[in-house]
Amino acid sequence: MPTLHPSRTRIAALAAAGGVLLAGGFAGLAPEPGTASSHREAPLISGQPQYDNTDVYAFVSPDRPDTTTLIANFIPLQEPAGGPTFYKFARDAAYDLNIDNNGDSLADLTYRFEFHDRLKNDKTFLYNTGPVTSLDDPDLNFTQTYDLTLIRRVDGNAHGTRKIAQGAPVAPSNVGRASMPDYAKLRAQAVRPLGDGTTAFAGQADDSFFLDLRVFDLLYGANLKEVGNDTLSGYNVNTVAVQVPTRHLVRNGDPVVGVNSTVQRRNAAGGRTQVSRLGSPLVNEVVIPRGKKDAFNASSPWHDAQFAGFVTDPELPKLIERIYKIPAPPGPRDDLVQAYLTGVPGLNQPRNVRPAELLRLNTSIEPAANPDRLGVLGGDKAGFPNGRRLTDDVVDISLQAVEGELLGKKNDLGDAVNANDREFGSTFPYVAQPHSGSDVRGARSGAAKAGAKGKDGETVNLLNAGAVEDAADDEGSGVPGLVPIAAGSGVVAFLATCGLLWWRRRPGRLGG
């Protein structure tokens, strides 16, 4: 990471600046222009998908509650059959998972993935020259491996490094059933125990994010007709993940950690430039204005206070009011400060917190036996924004929050996409198996189409889709009790986008 020389003087004004964090530390602080994170949200990063961080998850592992799982996804909107040059991690990038365990907004631990290519035969255009039955199969013509380094930091600066994996195999792109007749076997071979309870994975996976992205078409068509389609169904991403004994992550008895992911690309001078940054989902897309998006990606959470205005006076509620005539909650939106900058007292706020846009996870809260897709809004303290689980419906949570759910303005806004199109796993790395190049994109589960009838016989639209439960909930995620799988604090980025929200604690929901 770029060397940081922060003044340790705390800025009391940060809290007042409230939503700052959300906005994401962007302003023009980048050492060099950076790109953005999430699905094509910023101008520069949209043209550099290998470095584009689409989503981050952080959660207490549901099947191993003494461990914490951290996941970051990259390279959005992968068409499974998009060969012959399929999807690989960049060789000139450092893909980092960063952990702040003392609340000062600076990384104290970094798990860094760096990748290497190997091409066996450059005389053919084929990714594989026959059916692939193992990761070391000679018919797998192109392969990647990675080195994983644990970096310990002081005031954000590297203080010590230890390589904990070298030459570990990457799970390949899922070319198709003829090429990879048992892809699940290849995935299993890419899950690597590293000793002392730590496990790592890198490879292709189904895109874990489920939502209707047509919010960008004048908020679902300007007439409520465009909801209920899981825009990301059928697409893959590349995933890096680590599962670590929680005792290795926390410090001084404080169970709360802040998490984000960054990507640094090697520059012409031989150094590294940060080009992508992501904590909460959708923050860069809908909270940060276009002119600041690239700068956000290149910045550090330490500088997030200067962007408070994008959160306390968000654009999204105003757009909803203009198009759908729903009055926007009055500003300043101080209800967003805890959700995005500080964490919620008694839930996921660390001691001596410095406001910053990080996923904040309380590792002492056990996974819910029956996870609620609406997380804390649904009474489930193990869910978003206390970390982010794979099954948390961050879009519905954000829409409801941006319209004042946490301020007592009850609503059922939602996009009618309540579950992923593929079943998540019950063990690490939990992300769903990638779609095969043999698959044909078509109707997907996990969504209730606009115009369909909800449980009470009402027509499904943006205004009530958050209350709709359909077949998708029974067969879309396929993870009963496993939903706790994801976690990454305050991540409702989408909401953030709206200034959403969040969090104004609701009695009986957030504890102390």
Side-chain angles (χ1 to χ4, degrees), residues 50 63 71 73-89 113 115-146 165 167-193 199-208 210 230 232-241 243 390 419-446 475-479 482 485:
Q50 281 184 303
D63 58 323
I71 297 171
N73 292 337
F74 303 89
I75 316 180
L77 302 171
Q78 295 179 17
E79 166 56 50
T85 302
F86 287 90
Y87 308 97
K88 73 185 190 74
F89 293 97
F113 290 78
F115 293 87
H116 311 281
D117 296 352
R118 183 190 176 197
L119 182 64
K120 297 183 178 74
N121 179 5
D122 64 1
K123 299 300 190 291
T124 178
F125 65 83
L126 294 171
Y127 186 80
N128 57 288
T129 56
V132 177
T133 58
S134 67
L135 294 184
D136 58 1
D137 193 316
D139 286 325
L140 184 56
N141 192 36
F142 178 82
T143 58
Q144 282 197 301
T145 60
Y146 66 89
V170 174
S173 294
N174 191 355
V175 174
R177 287 185 286 276
S179 292
M180 297 171 180
D182 188 354
Y183 189 86
K185 179 181 177 181
L186 303 180
R187 152 75 70 86
Q189 292 175 357
V191 175
R192 290 297 166 120
T199 308
F201 170 79
Q204 193 179 50
D206 163 69
D207 193 331
S208 308
F210 51 92
D230 184 356
L232 300 179
S233 68
Y235 289 112
N236 296 327
V237 292
N238 277 19
T239 295
V240 299
Q243 185 175 74
L390 293 173
N420 193 42
D421 60 320
R422 286 218 140 172
E423 181 178 355
F424 294 124
S426 59
T427 59
F428 181 82
Y430 305 110
V431 290
Q433 296 282 353
H435 296 270
S436 164
S438 301
D439 295 342
V440 177
R441 288 176 54 78
R444 306 288 174 177
S445 62
E475 53 187 314
S477 70
V479 252
L482 206 244
I485 286 184

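In this structure, CD on Gln144 lies 13.5 Å from CZ on Arg118, to the nearest 0.5 angstrom. Atoms CG and CZ, on Asp63 and Phe428 in that order, are 10.5 Å from each other to the nearest 0.5 Å.
Side chain to side chain, His435 and Asn174 fail the donor-acceptor criterion of an N or O pair below 3.5 Å. Side-chain contact annotation: Asn238 with Gln204, donor-acceptor N/O pair under 3.5 Å absent.
Considering every non-hydrogen atom in both Asn420 and Ser208, the closest pair reads OD1-O, 3.8 Å. The nearest pair of heavy atoms linking Ala205 to Val431 is CB-CG2, 3.7 Å. Contact between Gln50 and Phe74 at its shortest, heavy atoms only, is O-CB, 4.5 Å. Here the shortest heavy-atom pairing between Ala190 and Ala202 reads CB-O, 4.3 Å. Here the closest heavy-atom approach between residue Ala171 and residue Tyr183 is recorded as CB-OH, 3.7 Å.
Using a 4.5 Å cut-off on side-chain heavy atoms (C-beta onward), Met180 and Leu140 make contact. Residues Ile71 and Thr239 are in side-chain contact: their nearest non-hydrogen atoms beyond the backbone lie under 4.5 Å apart. Taking 4.5 Å as the limit, some side-chain heavy atom of Leu232 sits within range of a side-chain heavy atom of Leu77. Looking only at side-chain heavy atoms (C-beta outward), Phe142 and Asp117 come within less than 4.5 Å of each other. Using a 4.5 Å heavy-atom cutoff, the side chains of Gln189 and Pro169 are not in contact. Side-chain contact between Tyr87 and Asn236 is absent, with no heavy-atom pair separated by less than 4.5 Å. Pro429 has its side chain within reach of Val191: a pair of non-hydrogen atoms, C-beta onward, lies under 4.5 Å apart. Taking 4.5 Å as the limit, every side-chain heavy atom of Val132 sits out of range of all side-chain heavy atoms of Pro172.
For Phe201, there are no ring-ring contact (aromatic ring centres under 6.0 Å, His included) partners, not counting sequence neighbours. Qualifying ring-ring contact (aromatic ring centres under 6.0 Å, His included) partners for Tyr127, counting only residues two or more places apart in sequence or in other chains: Phe86. The side-chain hydrogen bond (donor to acceptor under 3.5 Å, both in side chains) check on Asn128 picks up Ser179, with sequence neighbours excluded.
Between Arg422 and Asp439 there is a salt bridge, since at least one side-chain N of the basic residue sits less than 4.0 Å from a carboxylate O of the acidic one. Classification of Asp182 and Arg187 as a salt-bridged pair fails, no side-chain N sitting under 4.0 Å from a carboxylate O.
Ring geometry for Tyr146 against Phe113 counts as tilted: the plane angle lies between 30° and 60°, on a 0 to 90° scale.
Between the side chain of Asn141 and the backbone N or O of Asn121, at least one donor-acceptor pair lies under 3.5 Å.
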* Could you walk me through whether Leu135 and Thr143 pass side chain to side chain contact (heavy atoms under 4.5 Å, CB included), step by step? => CA-CA 8 Å; Leu135 294 184; Thr143 58; over 6 Å; no

